[in-house]
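Heads up, the thing below is written out as structure tokens.
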Amino acid sequence: MLTAKGYPNRLGVGGWLGGGRWGMERYLYTLHRLTGLGLIFYFLLHILVTSARAFGEAAWVASMGRVTGPLFTVGEYLVFLAFAFHAANGLRLAFIELGWGVGKPFEPVYPYKTSVDFQRPLAIVALLLAALLAAAGTLDFFVLHKGVTP
Amino acid sequence: MIRDAKLWTWHVLAGLVIFVFLGLHMLIMHLDDVVNIASLNPAGGHPIDWANVVARGKMIFFPVTYTVLLGAALFHGLYGLKNILFELNLGDGVKRATTVVLALLGLGLFVYGTWAAFASLALARSL
Amino acid sequence: MDFANVKEVTYRVRRFDPDKDRAPHWEEYRIPYAPGMTVLDGLWLVKELHAPTLAWRSSCRMGVCGSCGMLINGSPRLGCNTQICELETTTVAVGPLPNFNIIKDLVPDLMPMLETHRQLLPFIVRDDHEEMEKPSGEFWQSPEELEHYLQFSYCIKCGCCMAACPTCATDPVYSGPMPLAQAHRYNSDSRDNGFTHRRQVLEGERGPWRCHFAGECSRVCPKGVDPAKAIQLMKRELVADYFKLREQRCPARLAETPKGVARREGIPEAPAPTVR
Ligand code: SF4
Ligand code: SF4
Ligand code: FES
């Protein structure tokens with residue numbers, strides 16, 4: 001890192017959201033970040049909560065009892081949605097960031113077609129996959145749902 | 001110091017592992033009413049009913065895949081978190097401290113979660 | 001928007017004088033509009049009619065030198081390469097490129113970017129030092145090999161991509177799209193053998209790992225360089241290298257002068273070489 005002179009003009013965290021023209025992939029990037037943060041914090045708690053099963057039935061039922069109720073159902077549903085998006089978009093990113101789907105280098109001719117345009121179908125497929133997962137989850141959470149057997 | 005080229009490669013590979021095993025986990029836990037795999041939820045009812053937990057706990061498949069998922073997800077998630085934090089332009093000392101704290105947190109939870117997975121295997125088999 | 005009857009446009013310009021101002025502020029100027037005016041033309045009028053102290057960088061006024069990158073109505077673009085009428089509004093907001101410090105008014109300090117660029121060895125690196133110092137001929141390269149890096153070599157170092165990148169918005173350690181794309185440009189040049197040297201920087205914190213393919217750099221690049229593509233291809237190379245799967249390549253050999261062929265009649269001699 002180098003010391004620069006002059007008035008600092010980095011956009012800051014606001015710049016994570018929008019610095020230039022907003023493109024679809026910028027929203028996907030932001031969502032990926034947010035869902036990722038949500039998932040990791042949920043996951044850390046989830047490890048602690050579900051490890052109760054090692055202590056027998058009473059501990060398990062008590063532990064699960066602490067995380068029931070409509071608030072937790074909605075919370076879990078959000079986690080599921082985050083999973084659906086993060087998984088589908090993550091698969092797309094794994095592809096792209098290993099250099100697939102971005103196109104080969106070629107002589108650019110205006111109007112330029114960039115890697116962003118080349119991978120656009122992947123972005124759409126990822127969103128469809130996420131939507132499909134989310135729909136299945138919604139069905140399960142709110143329509144076909146059965147409660148825990150007391 | 002492990003360099004980012006390696007950490008990032010494993011971050012992506014871990015992501016793919018998570019895709020498979022978390023996908024399965026979600027299928028069992030949250031999509032059970034949409035796609036019901038009866039053998040993984042043998043007691044019927046809700047997947048987190050104790051009877052089902054015990055039934056799954058008896059199969060060696062679960063503690064093993066849980067441990068793989070646990071490790072992959074902890075690494076993937078905490079490395080991702082570390083990257084986001086580092087992008088905030090932290091000072092060098094704070095960066096080092098963050099790395100240590102996240103590594104210890106990950107290791108601690110990995111040990112605890114692995115113990116829980118195999119302890120419940122033993123418990124379920126003894127029931 | 002129809003610009004047929006537009007006679008005047010409003011410029012909102014971000015002003016900052018390091019000797020007088022504590023922080024940048026906006027100022028508004030109205031200037032006459034004529035069809036075909038670029039944002040840069042407008043700045044000259046602002047300077048002529050209202051604000052003689054207004055500072056910015058520009059030189060070629062034809063999208064070649066890379067001096068006039070600025071934030072125009074929220075997008076990093078070249079002032080000389082942007083027609084006012086394509087902005088679809090008669091208010092033109094011009095600020096210095098973000099993610100660089102402001103030296104004065106619209107002048108960003110590009111030094112950190114250029115210094116990073118330099119550290120990534122943006123030139124042909126080879127082991128045959130003698131040939132490099134005293135070239136005896138040209139290195140051989142096929143048109144296909146040229147394609148591998150040609151696109152990335154169109155970069156004019158304007159810094160628009162850096163201003164658009166979300167990672168650069170907070171992180172001064174990340175090298176950023178311009179220097180990384182240039183590192184890849186040389187890594188993928190068949191005449192070059194500097195991958196292992198550049199790798200020392202690239203596999204660490206300053207490498208491409210904090211690029212998350214938000215794609216903004218490629219979207220704003222005025223030359224179609226597509227730095228995001230270069231960065232993803234670079235990641236693939238580095239990952240392949242980690243697994244020892246990277247294709248080993250001998251840097252291109254000297255092109256041999258064909259022997260036993262005579263020059264066709266009427267073709268003049270080539271001019272004397274300029275490099276000795
Ligand atoms: S890659 Fe494009 S936007 Fe970035 S410095 Fe080069 S020409 Fe400018
Ligand atoms: S693709 Fe990568 S380098 Fe380009 S703007 Fe996005 S994060 Fe930055
Ligand atoms: S003045 Fe040279 S690129 Fe705009």
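The sequence lines fix the lettering, A, B, ..., with proteins before strands; numbering per chain opens at 1.
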For this session: Check whether B/V34 gets within reach of chain A through its side chain, its backbone, both or neither, counting any heavy atom under 4.5 Å.
Result: both
For this session: Provide the closest heavy-atom pair for B/G113 versus A/S51 in the form atom of the first, atom of the second, distance.
Result: CA-OG, 4.2 Å
Exercise. For B/L123, is it the side chain, the backbone, both, or neither that has a heavy atom closer than 4.5 Å to a heavy atom of chain A?
Worked result: side chain
Exercise. Hey, is the main chain of B/D49 close enough, under 3.5 Å, to the side chain of A/W60 for a donor-acceptor pair?
Worked result: no
Exercise. Do you know which of B/F118, B/Y66, B/W115 has the most heavy-atom pairs under 4.5 Å to chain A?
Worked result: B/W115
Exercise. Quick one: does A/L144's side chain get under 4.5 Å of B/D32's, heavy atoms only?
Worked result: no
Exercise. Which residue out of A/A87, A/G36, A/A84, A/A94 racks up the most heavy-atom pairs below 4.5 Å with chain B?
Worked result: A/A87
Exercise. What distance do B/T9 atom OG1 and A/L98 atom CG have between them, rounded to the nearest 0.5 Å?
Worked result: 8.0 Å
Exercise. Which atoms of B/L121 come close to chain A, meaning under 4.5 Å heavy atom to heavy atom: side chain ones, backbone ones, both, or neither?
Worked result: neither
Exercise. Given side chains that start at C-beta, do those of B/I48 and A/T50 come closer than 4.5 Å, heavy atoms only?
Worked result: no
Problem set entry | Neighbour count >12 (heavy atoms, 6.0 Å) for atom OH, A/Y110 | no
Problem set entry | Approximate separation, where rounding is to 0.5 Å, of A/F80 CZ and B/M29 CE | 13.0 Å
For this session: Return yes when atom OH of A/Y112 has more than 12 non-hydrogen atoms of other residues, nucleotides or ligands closer than 6.0 Å, and no otherwise.
Result: yes
Problem set entry | Any B/L31 side-chain heavy atom under 4.5 Å of A/L139 side chain | no
For this session: Mind listing the closest non-hydrogen atom pair of A/I40 and B/G77 along with its distance?
Result: CD1-CA, 3.6 Å
Exercise. Among B/L78, B/L109, B/L70, whose side chain to side chain contact (heavy atoms under 4.5 Å, CB included) with A/F43 holds?
Worked result: B/L70
Exercise. Any side-chain heavy atom of B/L74 within less than 4.5 Å of one from A/I47?
Worked result: yes
Exercise. Between atom OH of A/Y77 and atom NE2 of B/H30, what is the distance when rounded to the nearest 0.5 Å?
Worked result: 12.0 Å
For this session: Mind checking the CG-CZ spacing from B/N89 to A/R10? Nearest 0.5 Å is all I need.
Result: 7.0 Å
Exercise. Among B/I84, B/V12, B/L81, which residue forms the greatest number of heavy-atom pairs with chain A at distances under 4.5 Å?
Worked result: B/I84
For this session: Against chain B, label A/E97 side chain, backbone, both or neither, depending on which of its atoms sit under 4.5 Å from a heavy atom there.
Result: both
Exercise. Within a radius of less than 6.0 Å around CG of A/L71, do more than 12 heavy atoms belonging to other residues, nucleotides or ligands occur?
Worked result: no
For this session: Assert yes or no for the condition that the ring centre distance of B/W50 to A/F55 is strictly below 6.0 Å.
Result: no
Exercise. Under the side-chain contact (heavy atoms from CB on, under 4.5 Å) criterion, do B/D33 and A/F141 qualify, and how do the steps go?
Worked result: CA-CA 9 Å; B/D33 296 323; A/F141 266 81; over 6 Å; no
Problem set entry | Proximity breakdown for A/H46 and chain B, heavy-atom pairs closer than 4.5 Å | side chain
Problem set entry | Atom group of A/L39 that falls short of 4.5 Å from chain B, counting heavy atoms | neither
Problem set entry | Closest contact, heavy atoms only, A/R53 versus B/S120 | NE-OG, 3.5 Å
Exercise. Which bit of B/A122 comes within less than 4.5 Å of chain A, counting heavy atoms only: side chain, backbone, both or neither?
Worked result: neither
Exercise. Using a cut-off of under 4.5 Å for heavy-atom pairs, which of A/G90, A/A88, A/G56, A/G12 has the most such pairs with chain B?
Worked result: A/G56
